[in-house]
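Working notes, beginning with the structure itself.
Numbers restart at 1 for each chain; the letters A, B, ... are given by sequence-line order, proteins then strands. Note that this is a predicted model, so its numbers are computed, not measured.
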There are 2 protein chains.
Amino acid sequence: MASSTESNTRPIRLADIAKAAGVSHGTASNVFSRPEIVREEVRERVKAAAEALGYAGPDPKGRLLRAGKVNAIGVATTEPLSYFFDDPFARAMMAGISEACDATGAGIALVSAGNQEKLAWNIQSALVDGFILFCIEGGSRLVELTRERKLPFVALELGFDDDTVSAIGVDNVAGARLAARHLAELGHRRFAVLALPFADGSTGLVSPEQVRTALYTGTRDRLVGYFEALSQFGVDTAGIPVYETENDEASTRAGLETIFASAEPPTAILAMSDRIAMIAIEWLTARGIAVPGDVSIVGFDGVPDAALCDPPLTTVAQPIAEIGRRAARTILDFDGTVRRETLGVELVVRASSGPPPKAV
Amino acid sequence: MASSTESNTRPIRLADIAKAAGVSHGTASNVFSRPEIVREEVRERVKAAAEALGYAGPDPKGRLLRAGKVNAIGVATTEPLSYFFDDPFARAMMAGISEACDATGAGIALVSAGNQEKLAWNIQSALVDGFILFCIEGGSRLVELTRERKLPFVALELGFDDDTVSAIGVDNVAGARLAARHLAELGHRRFAVLALPFADGSTGLVSPEQVRTALYTGTRDRLVGYFEALSQFGVDTAGIPVYETENDEASTRAGLETIFASAEPPTAILAMSDRIAMIAIEWLTARGIAVPGDVSIVGFDGVPDAALCDPPLTTVAQPIAEIGRRAARTILDFDGTVRRETLGVELVVRASSGPPPKAV
DNA sequence: CACCTTTGTTGGATCGATTCAAATTTTGCT
DNA sequence: AGCAAAATTTGAATCGATCCAACAAAGGTG
């Protein structure tokens, strides 16, 4: 019940204290923004007036309009807000973004929403100097929405070929080659791929046609990398089942059901994300299929959790934090140019991959 | 090098398109904010003009000043920004906050900074409707800083006795009693406490004097709860070492060194956070001390990770997400009153606690 | 003492929108 | 056609600050 009596009085403005102190609003403003240029006696008088009236200091809302710069960068996704705190990949990325923001004193505004309509509104009304976009699914919509704000923005992962948008990602082809070569060198010849989305809203086994017309070229590139490397080992890539998941538990499990219903199940799984890989490990282990004894798995991303699961995951590690750092820098130091960066990846061999079982 | 030619032309304003379309700016504004009240013919004309000039839509910076509401809540801490994505407790809390924000379409602005000076500035200039404060260390400073903004704010964990600030926390005394009673009932009689900070910047063994003058009453209350319960079992609480940590690895390890240097080391450890407890488990295990065979440990908080460590941690679970949800609601539905809520906790028994070893 | 600096202060213009009472146009009806 | 009611449109006021050119006062110099 505190402060209910004074609740009808409207907040104190700078002009109010200027009047109270008997100075112009210009001087009053200076007292707060450049105190050194106003005479001490006056400065004290204004400060006293501010104190007496209970002035909260210059309202950033007012300052903002004049200054133009918000000094905050928006991070947007089509997922719910909690994605930023739950998903390991997002978290690692946010750590990198945080670091760059901490260094320059910029703030972070998280932008998302329950539904598409609100998302559009939230992007339109976000008070930020630029956006970093997490382009998971619905990435293209997100890009379109953001483009209309006419603010600098950068997409994480070069999701599409559109050269007009800044993007930071990794060399997916090279990374995928690394993963596939590793398994082939261990002796594997029967593979399955658990893929990320090629397009919005579809899941299931993927046809070459779908691959060719993939909306998400990152997914396609990884597949290309897998196949390139495997071809070099004489593997018939046409016979490899490629199951498109939504990078979640349900679709990954469905994919595994499909793949292992086969008469000749694979001895090695190429998973396009660590998330998928870890779900797969759990699924296989629960069914008594040994990893890597019976089936080897290689993930993609290199999230911190991957080192901690059982068995620890062999994976293609992206420099996630570095991507985040660069993305933030791109917005913070925006110079009007489109910037597309491709970073290198690294194969991290752990315990989820080994030679295929002897007897077939 | 895109768009370098047009970079010197200043952004299009609503007034520009009003002129171009030959209507007043009032009408132009209505086209965007209340399209239904303007005649279709005019509406189309204005939209066409906007399209032609490349207008990005009403600038939120301008709208904000008039509207007054930002529609975002600030979450502040004295830790670096990455704290929100690294710390399990913070993450669970943010998940609850996210949920409430998603539901109402509000945004989240993360506020922090590398140093104290920037922190002050960032709090003063954050564009938010209110704050949620993570009061770890330096909590009192954070509260003072925020209070000056004269915006609604709520402190997480009733860190201090100050009744003028809204706060949401748990019943620390009751929770601590639960933990201590559990261990006493298992037969333990020799205890040690790994505490959270009692005041800023101090660590080490704590004297009763320090406890009495504790800045953080949450820490004090937990200790009081521990001692109350143990006294009932005839344990001499005066002989229990209480080591103040900073809730991090270094100080916790130092505390363990101190505690286990004793001739009669404890058989049970009361840790005031899961973080501390998990660090302790790791430290003990690495030294060949079995948990719970040789030493039992009970944590506090109930972060998700606690269920996954080895052995799974017995702990006093706070309704973390619920606290977050309520905190967000408190800001979102602010009614001018001070609100202090105390939520219940629950003992979750897992494998880190068991009877003390037989032979002493 | 006139003149030039230096230092401080003033008040109008501006940032980009929304709002609302008043003015204007349309529509409906006889 | 005439007139009241309804539907649109206008333009000034406002939100809360910062910026800056112009001015005033004080200090220094020949």
Side-chain angles (χ1 to χ4, degrees), chain A residues 9-47 49-50 53-71 121 124-129 149-151, chain B residues 9-47 49-50 53-71 121 124-129 149-151:
Chain A
T9 113
R10 72 142 165 58
I12 317 299
R13 297 189 323 299
L14 186 53
D16 298 325
I17 80 151
K19 187 146 48 122
V23 298
S24 73
H25 57 268
T27 298
S29 173
N30 285 335
V31 169
F32 292 96
S33 45
R34 290 129 75 204
E36 68 282 2
I37 75 163
V38 16
R39 195 153 43 94
E40 173 159 5
E41 188 254 313
V42 176
R43 197 193 319 148
E44 292 310 324
R45 185 148 42 92
V46 172
K47 279 187 174 165
L53 296 184
Y55 181 57
D59 187 331
K61 293 202 288 289
R63 193 210 316 278
L64 173 61
L65 186 54
R66 191 101 247 278
K69 276 234 156 255
V70 183
N71 197 33
W121 171 253
Q124 281 161 22
S125 63
L127 291 158
V128 298
D129 299 319
R149 269 302 292 276
K150 313 239 158 112
L151 287 176
Chain B
T9 113
R10 71 143 166 56
I12 316 299
R13 297 190 325 295
L14 185 52
D16 298 325
I17 81 151
K19 186 144 51 116
V23 298
S24 72
H25 48 265
T27 299
S29 173
N30 285 334
V31 168
F32 292 95
S33 45
R34 291 130 76 204
E36 69 282 2
I37 75 163
V38 17
R39 196 151 43 93
E40 172 160 6
E41 188 255 314
V42 175
R43 197 194 315 149
E44 292 309 324
R45 186 149 42 94
V46 172
K47 279 187 175 166
L53 296 184
Y55 182 56
D59 187 332
K61 292 201 289 290
R63 192 211 315 280
L64 173 61
L65 186 53
R66 191 102 246 280
K69 276 233 156 253
V70 183
N71 197 34
W121 171 254
Q124 280 161 24
S125 63
L127 291 157
V128 298
D129 298 320
R149 269 302 291 276
K150 312 239 158 111
L151 287 178

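- The side chain of A/Ser24 places no N or O atom within less than 4.0 Å of a non-bridging phosphate oxygen (OP1 or OP2) of C/dT9.
- Put simply, the residue from A/Asn30, A/Val38, A/Val31 that forms a side chain to side chain contact (heavy atoms under 4.5 Å, CB included) with A/Arg34 is A/Asn30.
- Candidate nucleotides D/dG16, D/dT18, D/dT9 were compared by shortest atom distance to the side chain of B/Thr27, and D/dT9 ranks first.
- In this structure a side-chain-to-backbone donor-acceptor pair under 3.5 Å is present from A/Ser125 to A/Trp121.
- Going from atom CG of A/Asp59 over to atom C1' of D/dT18 covers 13 Å, rounded to whole Å.
- A/Arg39 has a side-chain polar atom (N or O) that falls below the 4.0 Å cut-off from OP1 or OP2 of C/dT9.
- Distance, A/Arg45 CZ to C/dT9 C1': 11 Å, rounded to whole Å.
- The interatomic distance linking B/Phe32 (CZ) with C/dG16 (C1') rounds to 13 Å, in whole Å.
- Between A/Lys61 atom NZ and D/dT14 atom C1' the separation is 14 Å, expressed in whole Å.
- Remark: A/Ile17 CD1 to A/Tyr55 OH distance equals 6.0 Å, nearest 0.5 Å.
- Nucleotide C/dC15 holds its C1' atom 14 Å from the CG atom of B/Leu127, rounded to whole Å.
- For A/Arg13, the side-chain atoms get nearest to D/dG16 when compared with the rest of D/dT9, D/dG16, C/dT10.
- For the pair B/Glu36 and A/Leu65, both in contact range of DNA chain D, the more 5′-proximal nearest nucleotide belongs to B/Glu36.
- In this structure, the nucleotide among C/dG8, D/dT9, D/dC19 sitting nearest to the side chain of A/His25 is D/dC19.
- Atom NZ of A/Lys69 is separated from atom P of C/dC15 by 18 Å (rounded to the nearest Å).
- The base of D/dT14 sits within donor-acceptor range of the side chain of B/Arg66, with an N or O pair under 3.5 Å.
- Nearest-nucleotide positions on DNA chain C for A/Val38 and B/Ala28 put A/Val38 closer to the 5' end.
- Taking atom CD1 on B/Ile37 and atom P on C/dT26, their separation rounds to 17 Å, with Å as the unit.
- Within 6.0 Å of CD in B/Glu36 there are more than 12 heavy atoms belonging to other residues, nucleotides or ligands.
- Not one side-chain nitrogen or oxygen of A/Tyr55 sits closer than 4.0 Å to the OP1 or OP2 atom of D/dG16.
- When the nucleotides C/dT18, D/dT10, D/dG16 are ranked by their closest atom to the side chain of A/Pro11, D/dG16 comes out on top.
- Per the geometry, CD belonging to A/Glu40 stands 18 Å off P belonging to D/dA26, to the nearest Å.
- A salt bridge between A/Asp16 and A/Arg13 is present, with a side-chain N of the basic residue lying under 4.0 Å from a carboxylate O of the acidic one.
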